[in-house]
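Heads up, the thing below is written out as structure tokens.
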Amino acid sequence: MPLKDAESGDVGLLSLPPPPISSSPPRVLIIGAGSRGYAYANAIKSSSSGIVTAVAEPDVYKRDEFARTMILGGESLPTDGTIFSDWRDFITYEADRRARLLAGELGVTPGVDAVFVCVLDEMHREVVMALTKLGGLHIMCEKPLATSLQDCIDLYEALRCNKNEKGEQMVFSIGHVLRYSPHNIALRKLLLEDRVIGDVLSVVHTEPVGWWHFTHSYVRGNWRRESTTAPSLLTKSCHDIDVLMWLLCSPASCARQDNDPPHLPSTVSSTGSLQYFRKGRKPTSAGNATNCLSCPVEDSCKYSAKRIYLGSELVGLGTGNKNWPVSIVVPDIESYGQDENAKQAVLSALAENYDTNAPDAEIAKRNWFGRCVYECDNDVCDEQVVSITWDDDPRLASSPKSQDDAPLSDAMRGRGSKTATFHMVAQTERVCERYTNLYGVDGEIYADSATIRVHDFRTGRTVTHHPRREGIGHGGGDIGLTRQFILAVDKVKNHEWATERAQKELVACTLEEVIRSHAMVFCAEDARRGKKVVDWKEWWSNEVEGKLGERGPS
């Protein structure tokens, strides 16, 4: 009989104190004052050793609010190098600032040490490329790195050339925040270091996007069209694919990567499509209506924009919420004060619509949050499954025995054949509350957003771990990523660390891992469109290594 469940680990929300502040704390520029820019800025202020000293944002309201709340504090006027209406203005300013400094000018305002790139996905390539050409800045880019494989390859090469005055490659981080949540860090330790279920045989990981959340972002919102952004597997789930690669491919210790090569996949396949959010699924009772505000069945439709953005049961104004997603519909919603004024502002935005005569280019360039979900111009998958396999890949054993001195072949340890399945699904009650089943030779694990349940076949014992939660952003991943990146910058700036050491020990993710996990997404898309099983190593050789200026990561 299995033993009674045991409890283990910390419970509840716990914010760790920020690291000690250095005499010259890292100075940070945020490019893009949207929801992600705010999330990282808040994490910098609350949980890191850095300070936000500058913002670049074209929207006047967003820029001024960000500057007021994140930079200026009680000061009424910005100082030199604080506020930029365009990221290009910063590039020009910084080049001139460095020239004045080089010329020996006194009183030159200190520059920033690091930049958080939080603009639209399709802008990442241009912004990051410009920053690398300027050179000498540590960069954190929101995920995904870029929206095409070639752009990712180009940025990989550019980031390798982004060096400081010592000739060292600057620290880089990608917004794969799931790596940095206390929950996932604990899961990886249990799996790879403690080996609580032995060698992994298979993993099934699910991202439940949420039935209304998917309509907000991927039917009506920014990421609805591949032609303007990218496939939903990239824009929504690239960090889920990254987590699978992190758990099953990357070495247990990032600092040991030179001596511990990754266990590379063998095959990739994928199925998926736009199953539901299309005109053929539209209820006949809705007639010819293309906007919720003029629809005869709006009051009974679960996808009603009024219900989602104004109602009191989900995340609308009726709940008292003026943050995401309401603030995406009306960016300056806070400025409307009284609830009735705010309601009218949202209704006005939801009433905006287009007809059959509207040019496609005009439709594509903006969002339509009051549009009927069955009449939108969306084309990204709302359901997708990705399967990845690994073959046996033994290496020379460093130690022939386990801790209990029983014979053990380390050559196959963690490098045996295994399978990972990822499922992205729109129609769920859960909103981005991921869950994972992991099956090993000695046990199995069920992990959700709060707990990790480990069952040991050998003892019959089940232990449930409750990793601490730190913040609500991706289970603490926003805070964790920010803390580690800023700490890496601080160590390089103030404590004489080499950037390579800071990258490996603190960011704990290399450029090679970044390009590999992004490439996996594009490989899966090739498999899906071609309805085929792709040989990973051959695909990598042709599509990535073959397109690098020099031999790329192995």
Discussion item. Quick one about His455 and Thr462 (side-chain donor to acceptor, distance below 3.5 Å, no hydrogens or angles considered), yes or no?
Written reply: yes
Discussion item. Whether the Tyr156 and Glu512 side chains hold a donor-acceptor pair (N or O, under 3.5 Å, no angle test) is what I'd like checked.
Written reply: yes
Fill in: Reported CG-to-CG distance for the pair Leu145 and Leu155, which is rounded to 0.5 angstrom
5.0 Å
Worksheet entry | Ring centres under 6.0 angstrom apart (His518, His176) | yes
Item to complete: Answer with yes or no whether the side chains of Thr499 and Gln169 bring together a donor and an acceptor at under 3.5 Å.
Response: no
Fill in: Pair listing, salt bridge (charged side-chain N to carboxylate O under 4.0 Å, His left out) test, anchored in residues 261-279, at least two apart
Lys279-Glu375
Discussion item. Under the salt bridge (charged side-chain N to carboxylate O under 4.0 Å, His left out) definition, can you give me all pairs with a residue in residues 135-145, not counting sequence neighbours?
Written reply: Arg36-Glu142
Worksheet item: Taking only residues at least two apart or on different chains, which pairs with a member in residues 221-232 satisfy salt bridge (charged side-chain N to carboxylate O under 4.0 Å, His left out)?
Response: Arg224-Asp377, Arg225-Asp360, Arg225-Asp377, Glu226-Arg528, Glu226-Arg529
Worksheet entry | Separation between CG of Leu131 and CZ of Phe90, rounded to the nearest 0.5 Å | 6.5 Å
Practice prompt. Classify the angle between the aromatic ring planes of His263 and Trp390 as parallel (below 30°), tilted (30 to 60°) or perpendicular (above 60°).
Written response: tilted
Discussion item. Please enumerate all residues that pass salt bridge (Lys or Arg N to Asp or Glu O under 4.0 Å) together with Glu126, with sequence neighbours excluded.
Written reply: Arg88
Worksheet, complete the sentence: Sequence neighbours excluded, the answer for salt bridge (Lys or Arg N to Asp or Glu O under 4.0 Å) partners of Lys166 is none
Worksheet entry | Pairs where residues 417-430 contributes a residue and the test salt bridge (charged side-chain N to carboxylate O under 4.0 Å, His left out) is met, not counting sequence neighbours | none
Worksheet item: Would you say the side-chain atoms of Asp382 pair up with the backbone N or O of Tyr276, donor to acceptor, closer than 3.5 Å?
Response: yes
Worksheet item: Just checking, any donor-acceptor pair under 3.5 angstrom between side chains of Asp242 and Ser517?
Response: yes
Worksheet entry | Partner of Phe485 by ring-ring contact (aromatic ring centres under 6.0 Å, His included), out of Tyr180, Phe172, Phe116, Tyr40 | Phe116
Discussion item. Within the 3.5 Å criterion, strictly below it, is a donor on His205 or Asp240 matched to an acceptor on the partner's side chain?
Written reply: yes
Worksheet item: Would you call Asp113 and Leu137 a side-chain contact if the rule is heavy atoms closer than 4.5 Å?
Response: no
